[in-house]
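This report refers to the structure that appears directly beneath it.
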Amino acid sequence: MEASPQSLHALPMLSMTGQEVGRLHLMRPQGQRLLRSVDTYYSPLFGPVWSHDASVPVRWLDVAALIKQLPDAGVLRLQPLESEGQFLPKMLQALRSTGYAVDRYFCFGNWYEPIAGRSFADYWCQRPSRLRNTVERARRRLDQKHTWRTEVLTHGGPALEQAIEAFQTVYARSWKQPEPCPGFMPGLIRMAASMGALRLGQLWLDGEVVASQVWLVYGGKGNIYKLAYVPGHEKLSPGSVLTAALMQHVIDADKVSEVDYLMGDDAYKQDWVTHRRERVGLVAFDCWRWRGLLAWLRHQAGRLVRRWRS
């Protein structure tokens, strides 16, 4: 049997006066009989695309009703969502009101740092002494025995193409798993450069790039997206030295209001940033459709098993 093609839906979100203020983008993945957020392995956050102020009151019941009319809307899954934003509670309430059984679940922790007008010097003196000593010792070792430099690329051109190649080489030699979509990161880097959002950092050591990081600056935030270094240089802490250089750039040059590590509870992040919030998911079942009812029963059974095991 042939798999059904992926379909995309852009649902209008109307204000109380009937003005379209945004759109909610959903998709039916190929071969699956459900609706979900337009997200991928690379997505740190999902939400409506606003064309106006996101604080404008929205007809959330109308949005839920539009969802329910779509094919394969027996099961709806949205992730990852802000746990503290307005979208999640409003959408949960609206879906319940239109007859869905709904639940929420944990996706991942998100570590971040509000900058609040501080300079990099202010930020840096507030880091743990262990981190500051590690970076300062590494810089001394680099100065004593090596030729090295850091650079931050922001725009397109031949230098960026060379930097993309270097990033891919470092990533391939690092401890990271191979990218599931090899063309994604080069495409993202080029697009971000065209938007002025790219901060591609590199640490050169004796003529070779040994650490590379992709940061994205957008909406006043510095987002740490991808990082990697070449194993074998751990005593020189090239990743930490490069992170400090990029932190200084986004804080002092870009004047960001926040630095965001995006996804994951990796322990090292707590040396660099101090705040944590959670990204969550929403799952909804239309129990008047047989697919929705079966999925809801499986979901409830899974919850009972997890409670029993705990």
Side-chain angles (χ1 to χ4, degrees), residues 42-45 47 49-50 53-54 82 84-85 110-128 131-132 134-136 138-139 148-164 166-167 170-171 184-204 209 211-229 237-264 266 268-277 279:
Y42 299 96
S43 302
L45 191 63
V49 177
W50 298 98
D53 184 354
E82 290 183 337
E84 71 282 3
N110 167 232
W111 286 86
Y112 68 102
E113 181 74 13
I115 301 304
R118 287 176 293 170
S119 67
F120 174 76
D122 296 331
Y123 159 84
W124 189 240
C125 72
Q126 295 166 353
R127 294 311 94 214
L131 175 64
R132 289 186 281 112
T134 295
V135 172
E136 288 158 12
R139 286 171 175 162
W148 72 283
R149 74 180 193 277
T150 61
E151 63 181 4
V152 180
L153 292 94
T154 60
H155 296 92
L160 180 63
E161 293 304 313
Q162 293 173 6
I164 291 173
F167 169 80
V170 169
Y171 203 87
F184 178 82
M185 284 305 299
L188 175 66
I189 290 170
R190 294 184 184 105
M191 183 181 71
S194 70
M195 297 169 59
L198 179 68
R199 305 296 181 266
L200 174 53
Q202 299 191 35
L203 189 145
W204 290 79
V209 177
S212 188
Q213 299 184 13
V214 176
W215 293 34
L216 304 174
V217 172
Y218 188 78
K221 290 176 55 178
N223 302 286
I224 305 173
Y225 199 75
K226 286 281 184 178
L227 52 84
Y229 65 84
S237 302
S240 295
V241 172
L242 181 56
T243 298
L246 279 159
M247 281 285 188
Q248 184 168 12
H249 185 99
V250 301
I251 292 173
D252 286 349
D254 294 315
K255 307 293 185 184
V256 297
S257 61
E258 183 179 297
V259 175
D260 190 339
Y261 261 108
L262 299 179
M263 291 189 281
D266 311 82
Y268 74 88
K269 295 175 181 178
Q270 299 175 50
D271 288 338
W272 294 94
V273 299
T274 55
H275 291 60
R276 182 185 183 274
R277 57 199 166 198
R279 302 310 189 196

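Contacts of Ala211 classified as side chain to side chain contact (heavy atoms under 4.5 Å, CB included), with partners at least two apart in sequence or in another chain: Leu203, Tyr229, Pro238, Leu242. For Tyr218, there are no ring pair (Phe, Tyr, Trp, His ring centres under 6.0 Å) partners two or more places apart in sequence or in a different chain. Under the ring pair (Phe, Tyr, Trp, His ring centres under 6.0 Å) criterion, Trp272 pairs with Trp124, not counting sequence neighbours. Residues passing the side chain to side chain donor-acceptor pair (under 3.5 Å) test with Glu161, sequence neighbours excluded: Arg190. Listed by chain and residue number, Tyr112 satisfy the ring pair (Phe, Tyr, Trp, His ring centres under 6.0 Å) test with His275 (two or more places apart in sequence, or in another chain). Taking the side chain to side chain contact (heavy atoms under 4.5 Å, CB included) definition, one finds that Asp254 meets it with Arg199, Val217, His249, Val250, Val256, sequence neighbours left out. The ring pair (Phe, Tyr, Trp, His ring centres under 6.0 Å) test applied to Tyr225 returns no partner, not counting sequence neighbours. Partners of Leu45 according to the side chain to side chain contact (heavy atoms under 4.5 Å, CB included) rule, which considers only residues two or more places apart in sequence or in another chain, are Glu82, Arg279. When the side chain to side chain contact (heavy atoms under 4.5 Å, CB included) test is applied to Ala245, the partners found at least two apart in sequence or on another chain are Thr150. Here Ser119 pairs with Asp122 under the side chain to side chain donor-acceptor pair (under 3.5 Å) rule; sequence neighbours left out. Qualifying side chain to side chain donor-acceptor pair (under 3.5 Å) partners for Asn223, counting only residues two or more places apart in sequence or in other chains: none. Not a single side chain to side chain donor-acceptor pair (under 3.5 Å) links Thr154 to another residue, sequence neighbours left out.
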